[in-house]
Amino acid sequence: MTIKANHFGVRATATLLAGTMLSGLAHAQTAPTPAPAAPPQTAAPAPQVLAPPAPVQQVRTVRSLRVEGSQRLEPETVLSYTRLRVGETYTNETVDQAIKDLLASELLADVAIEGVETGDLVIRIRENPVINRVIYEGNKRLKQDKISKEVKLAPRQIFTRTAVRADVARIIELYRRQGRFAASVEPKMVSLDQNRVDVIFEISEGPKSKVRQINIIGNEVFSDGKLRGEMATKTASLMHLLSSNTSYDQDRLAYDQQKLRQFYLTEGYADFRVISAVAELTPDKKDFIITYVVEEGPRYKFGPVKVDSAIRDFDDKRLASALSIKEGQWYNAKAVEDTVEQLSETAGAFGYAFAEVTPQFERDREKLTMSMNFNIGESNRTYIERIEITGNRQTQDKVIRREFRVAEGDAFNTFLVKRSQDRINSLGYFQDKFEIERVEGSAPDRIVLRANVEERPNGELTLSAGFSSLERFILQASIRQRNFRGMGQTVSASVDYSSYSKSIELGFTEPYLFDSNVALGGTIFRQDYNAFNYIGSDRSTTYSQVATGFQLVAGLPLTEYWTLSGRYTLRQDDVTLDESSFYTNGVCDPLKAGRYYCEAVGNRITSLVGVSLIYDSLNSRLRPTRGQRMSIGADFAGLGGEVKYIRARAEGDKYWNVGSGFIFSVSAEGGYIHSLEKAAAGIDPVRITDRFYLGEPQFRGFDIRGVGPRVQRISYTGDPTAGTQLLVTDKDQIVDDALGGKAYYLAKAELEIPLGAGAAEMGLRPSIFVMAGSLFGIKRPGKTIEFTQATDSSGNLLFNQDGSPTLLPKDNFIKDASGNQLYIVGSGSNVGALTTCTVGYSSSASTPCVGTSINTIYNVPTSPFLERFVGDSARPRISVGFGVNWNSPFGPLRIDVAKTLVTVDGDDTKLVTFNVGTQF
């Protein structure tokens, strides 16, 4: 007699699971139906029916016991899973139980016990195979390494169906976390030699299950659309095409319930509750339909608002009157939280660091009011026991400690601790959102401030090439250490090269000179700049300016927020024009360059001293989100040198964190320069190189130097004698020279829009903005040349068809380098040659004239053109648009799209601007 059982009926490639069901079918036995009962007999008593006797279990003794078929397992290991032992008795039930125990060990695929009748038991086994490989097929959305971390099956492990079933469930759960609820997994096994198998998981990922619809039942006050807008989950539609929240997420479902409750609580519905939230998967497993059942309840107002303070220093009534929430206002849970924080900050400002503020609610369901009583618990005035600084491996302790506005032994002050935190953040040496931790000290009235910093790399080495709509191709190399030697010093060196500018600069700044509050810095520089104008879309270099010099800057804090800054600059400016393009006989030709550019040519030294008064309460100088900064300054040039002027500038910025990651900011700046020199008529005393300029990149929506006074030179076409003379209307043929201005102003309002975590990690920061500004105030330049208006035979002035005067070409008698008039030889062997002789010919003015030819004066008439002085207006120019900052792998990138709404005649606008590899 042989009793056997096995786990595998197929020894080749086999499908292991149908879906994820691995268990076998249970077989039920049905008792036979009893025969109908015989009619009752009254003559004789019914016979007694006896139950059949129970079968007798034959008891045998194990005479011998051995294991056959084992390969990896020791026989003793196999026998340890059974209760069979040599010399002990057994029954058929004992043998059945032994088989069950062996199969339950999940080590064996097949078990049979022979010799049951004789007592010489032989346990024949076939071991479970060993896994050779685990293979995944069809997985595209989930990489193999992510699946392998969750799956327990691995090569050289024992194969079991239970493990396969568990791993299938794990893989499906992974896909559900991604929102792919239609994913299915079919495991397969490929049998190999030496009792090995390959396990294959065939994965059908399916589409990502989207949220098709969000239903809200029970809302009467607010519309479905309003409530959906408060949720993080969005329905799959064109409006949310770029959103990542359109897939179903169970955690997000719970979060949305909290968002709904928060919204209603801020609107005064204190009894609001979500009765149920059900997510139903559609039959095709592609979409979810989410249904919320809500109960809004009545709307409450604030009742009496009181403050009950156990701290004797506080006046309860004065505190209550200073609170932002008042009796009669609609109840707002967020306002209650803000009030608790406000009272905690107030207590902390008076030194009570651990004062506990507890709001007590008293609800009146009849009057629909919510009375508030803010209890401030008893607390001791707290003193700073010590300040602990950890995590600074490079930065010296003193660099951090000098930014603290409190010292060990001082009374605790929430405001000063917050300010200390902002100052350390502004250094830019440590992690974002650094916070000072407050820990209880050795006594109830002692507190420990912990500054656990995480240093970030402060050295910057930049080697970049980019393209700018402003300067075309750019090559830039710079090295900067913002925390040199861990002492907070800044050392920098940079070299820039582009088609229109070249510069080299070396700088050093010591923020705390000799550990005092005085900052000192210096810069040595050389800058080569080529100014240019536009002839249509072509840029043409006008003048070149080479500046060489140095600047010293010192700063002295007056208070926590006010700083006085002084500076001295000595620079030499050499302004030149291209002689081949703008000179005639070695002299700057106003007809070619313009009188205003000829006036700028020269070598001048500027010795300038300046002072600024600065107010700064920004929470970060790198990327502020709240606070303000204002600066007003004046410069005086004339402490030596040839240049003399007074220049004043003022600027200010203010930032607000308006919630949900949105940062709103406004900024304004303006300036005025006044010359202390005298100038000839038609010439502005402020040189063109010292004036203000406005346009790209400061003023978005306008081209480089696209705003402000300018001279446009417009040529004529046609024959003036025939009355066909017309002004050129093609912008590409108009010469446009920006002259700058003596006064300017510029204002901007901008809203920075938050993005998801992925975009934030990439450094993307989009924003929308509106800007207004103007540049103006120079003296109208004199005309370069006066043209004669044509007349008819009767001496009447002639006009063109457009009403403009008909102008004649201007005689331009050409002379040699010595100032001698040149003539054209009229006849003879040298006809057409240039000479200084009125009769005859001579190759030079120092030799006698030979010949009798009558020569004509050399005249190259200047074609008539119109000079227009435009753009000198204080009227604001306005632009609106959007832009994106991106810390790209190629360097900082700024892209702006701006549309001008208000312009002045002569302004140059530009829709799209971008810069790569430059600071913004």
Side-chain angles (χ1 to χ4, degrees), residues 505 507 509 511 513 517-525 527 545 547-573 600 604-618 621 628-654 666-679 684-695 698-699 705 707-709 739-748 772-779 872 874 876:
E505 185 175 294
T509 301
L513 185 64
N517 277 337
V518 177
L520 182 65
T523 304
I524 302 174
F525 59 87
Q527 300 167 343
Q545 179 181 1
T548 306
F550 69 88
Q551 183 181 60
L552 296 176
V553 179
L556 175 65
L558 302 178
T559 67
E560 178 61 27
Y561 298 108
W562 290 95
T563 301
L564 183 65
S565 174
R567 55 190 169 274
Y568 174 76
T569 304
L570 181 66
R571 60 183 290 164
Q572 181 184 39
D573 292 288
R604 303 175 183 87
I605 293 178
T606 302
S607 177
L608 181 147
V609 61
V611 63
S612 294
L613 185 62
I614 303 168
Y615 176 84
D616 189 348
S617 64
L618 297 178
R621 295 187 182 96
Q628 58 187 356
R629 186 181 189 277
M630 296 181 295
S631 172
I632 182 170
D635 295 307
F636 169 71
L639 198 66
E642 295 88 5
V643 180
K644 296 178 174 61
Y645 62 78
I646 296 175
R647 182 176 59 197
R649 291 189 64 185
E651 58 183 6
D653 304 276
K654 187 170 179 60
V666 293
S667 62
E669 61 178 287
Y672 180 78
I673 183 170
H674 175 73
S675 177
L676 301 178
E677 304 176 45
K678 294 182 180 180
D684 196 292
V686 178
R687 293 178 177 84
I688 197 170
T689 53
D690 296 325
R691 298 172 188 167
F692 298 112
Y693 289 89
L694 196 59
Q698 309 102 308
F699 203 160
R705 300 187 172 187
V707 177
L739 303 183
K742 293 195 296 185
Y744 86 99
Y745 64 87
L746 180 64
K748 178 186 67 176
S774 183
L775 176 71
F776 55 95
I778 67 170
K779 182 183 295 185
D872 189 16

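In what follows, every heavy atom counts, from backbone to side chain, and hydrogens, waters and symmetry copies are set aside. The structure displayed is predicted, hence computed values, not measured ones.
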What's the spacing between [X] [atom1] and [Y] [atom2] if we round to 0.5 Å?
X      : Y      : atom1 : atom2 : result
Thr606 : Asp635 : OG1   : CG    : 11.5 Å
Arg687 : Glu677 : CZ    : CD    : 4.0 Å
Leu775 : Leu739 : CG    : CG    : 10.0 Å

Quiz item: For Ser612 and Arg567, does a side-chain donor sit closer than 3.5 Å to a side-chain acceptor?
Solution: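 On atom types as modelled, these side chains qualify, holding a pair under 3.5 Å.
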
Quiz item: Who pairs with Ile632 by side-chain contact (heavy atoms from CB on, under 4.5 Å), at least two apart in sequence or on another chain?
Solution: Leu613, Ala650

Exercise. Go through the structure and list residues passing salt bridge (Lys or Arg N to Asp or Glu O under 4.0 Å) with Lys779, not counting sequence neighbours.
Key: none

Self-check item: Tyr615 and Thr559, any side-chain heavy atoms less than 4.5 Å apart
Solution: no

Self-check item: Sub-4.5 Å side-chain heavy-atom contact between Lys748 and Leu746
Solution: no

Quiz item: Do the rings of Tyr568 and Phe550 sit parallel, tilted or perpendicular, given the 30° and 60° boundaries?
Solution: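 Ring orientation of Tyr568 relative to Phe550: tilted.
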
Identify the heavy atoms of [X] and [Y] that sit nearest to each other, and give their distance.
X      : Y      : result
Val707 : Ser774 : CG1-CA, 4.4 Å
Arg571 : Phe525 : CB-CZ, 4.1 Å
Tyr645 : Arg647 : OH-NH1, 3.7 Å
Ile778 : Lys742 : CG2-N, 3.8 Å
Gly777 : Asp684 : O-OD2, 4.5 Å

Practice problem: Report, as yes or no, whether the 6.0 Å neighbourhood of atom CD1 on Ile524 holds more than 12 heavy atoms from other residues, nucleotides or ligands. | Solution: no

Self-check item: Check against side-chain hydrogen bond (donor to acceptor under 3.5 Å, both in side chains), Tyr744 and Arg649
Solution: CA-CA 9 Å; Tyr744 86 99; Arg649 291 189 64 185; 2.9 Å; yes

